[in-house]
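To start, the structure under review is shown below, and the notes come after it.
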Amino acid sequence: MSELKLNAPAGANKKKRIVGRGSSSGRGTTAGRGNKGQQSRSGGKVYIGFEGGQMPLFRRIAHRGFSNYPFKKEYEEINLRDLEIKYADGETVNAETLSSKGLLKKIDMPVKILGNGEITKKLSVVVDKISASAKEKIEKAGGTVTVSNE
């Protein structure tokens with residue numbers, strides 16, 4: 001007899017539940033759907049928000065005003081302290097270099113530089129947006145800032 005005998009723990013392997021295959025299967029007749037009614041029929045579903053024929057709440061409430069949400073523009077935000085750590089003096093900061101240094105999660109998103117932290121290195125920054133404090137700090141350190149038009 002082999003010492004190595006692998007067994008699945010109790011309850012790990014369960015038999016598939018087969019419904020609607022006769023009364024002796026234990027799940028015959030109504031197949032677990034109860035008796036009569038819309039939910040017992042095939043295709044018997046209602047849409048989300050359905051209130052039994054009553055005018056649904058989302059149609060009773062007036063739709064007023066304007067939402068800018070569909071037109072919202074999101075930016076990948078990077079702070080100056082991250083640039084100070086990852087970049088050497090004289091390097092160019094753009095989407096490609098940020099991605100290669102692991103600072104950018106999604107390369108297709110526009111980049112915004114924020115002013116948290118200090119910068120001592122002379123960097124050439126080419127991004128989509130930059131805060132006023134970050135721009136001031138970069139230029140004070142001797143770097144250049146170019147904001148690309150969207």
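Please read these numbers as outputs of a predicted model, since none were measured by experiment.
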Sidechain-backbone polar pair: [X] side chain, [Y] backbone, donor-acceptor under 3.5 Å:
| X | Y | value |
| --- | --- | --- |
| Asn94 | Glu96 | yes |
| Gln39 | Arg33 | no |
| Glu51 | Leu57 | yes |
| Lys121 | Gly90 | no |
| Ser25 | Gly22 | yes |
| Arg27 | Ile18 | no |
| Lys137 | Gly117 | yes |
| Arg60 | Met55 | yes |

Item to complete: Flag yes if more than 12 heavy atoms outside Lys101 fall under 6.0 Å of its NZ atom; otherwise flag no.
Response: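 Yes, NZ of Lys101 has more than 12 neighbouring heavy atoms, counting only those of other groups under 6.0 Å.
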
Worksheet entry | More than 12 heavy atoms of other groups within 6.0 Å of Phe66 CZ |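 Enclosed: over 12 neighbouring heavy atoms sit under 6.0 Å from CZ of Phe66.
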
Close side-chain approach of [X] to [Y], heavy-atom, < 4.5 Å:
| X | Y | result |
| --- | --- | --- |
| Met109 | Tyr75 | no |
| Leu104 | Ile78 | yes |
| Val93 | Leu83 | yes |
| Lys73 | Pro110 | yes |
| Thr97 | Glu91 | no |
| Ile130 | Ile138 | yes |

Worksheet item: Between Gln38 and Val46, is a side chain to side chain contact (heavy atoms under 4.5 Å, CB included) present by the stated rule, with each step listed?
Response: CA-CA 9 Å; Gln38 189 170 9; Val46 292; 3.6 Å; yes

Worksheet entry | Shortest non-hydrogen contact between Gly34 and Ser40, atoms and distance |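 Of all heavy-atom pairs spanning Gly34 and Ser40, the closest is O-CB, 4.4 Å.
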
Worksheet item: Nearest heavy-atom pair of Gly49 and Pro56: which atoms, and what distance?
Response: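 Shortest heavy-atom separation between Gly49 and Pro56 comes out as O-CB, 3.5 Å.
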
Fill in: Residues Glu74 and Lys72 bridged, charged N to O under 4.0 Å
yes

Discussion item. Run Thr120 and Glu84 through side-chain hydrogen bond (donor to acceptor under 3.5 Å, both in side chains) and show every step you take.
Written reply: CA-CA 7 Å; Thr120 57; Glu84 179 70 27; 2.7 Å; yes

Practice prompt. For the residue pair Tyr87 and Thr92, confirm or rule out a side-chain donor-acceptor distance under 3.5 Å.
Written response: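 Side chains of Tyr87 and Thr92: no pair found under 3.5 Å.
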
Discussion item. With side chain to side chain contact (heavy atoms under 4.5 Å, CB included) as the test, pick out the partner of Val125 among Ile119, Thr144, Val147, Ile113.
Written reply: Ile113

Fill in: Test side chain to side chain contact (heavy atoms under 4.5 Å, CB included) applied to Leu103 and Lys86, step by step
CA-CA 9 Å; Leu103 290 173; Lys86 295 276 186 173; 3.9 Å; yes

Item to complete: Any chance you could lay out the side chain to side chain contact (heavy atoms under 4.5 Å, CB included) test for Leu80 and Asn116, step after step, and finish with the verdict?
Response: CA-CA 6 Å; Leu80 285 181; Asn116 287 356; over 6 Å; no

Discussion item. Would Glu76 and Lys105 count as a side chain to side chain contact (heavy atoms under 4.5 Å, CB included) here? Give the steps.
Written reply: CA-CA 8 Å; Glu76 279 278 344; Lys105 293 181 192 89; 3.7 Å; yes

Worksheet entry | Co-membership, hydrophobic cluster, residues Leu114 and Val127, 4.5 Å side-chain | no

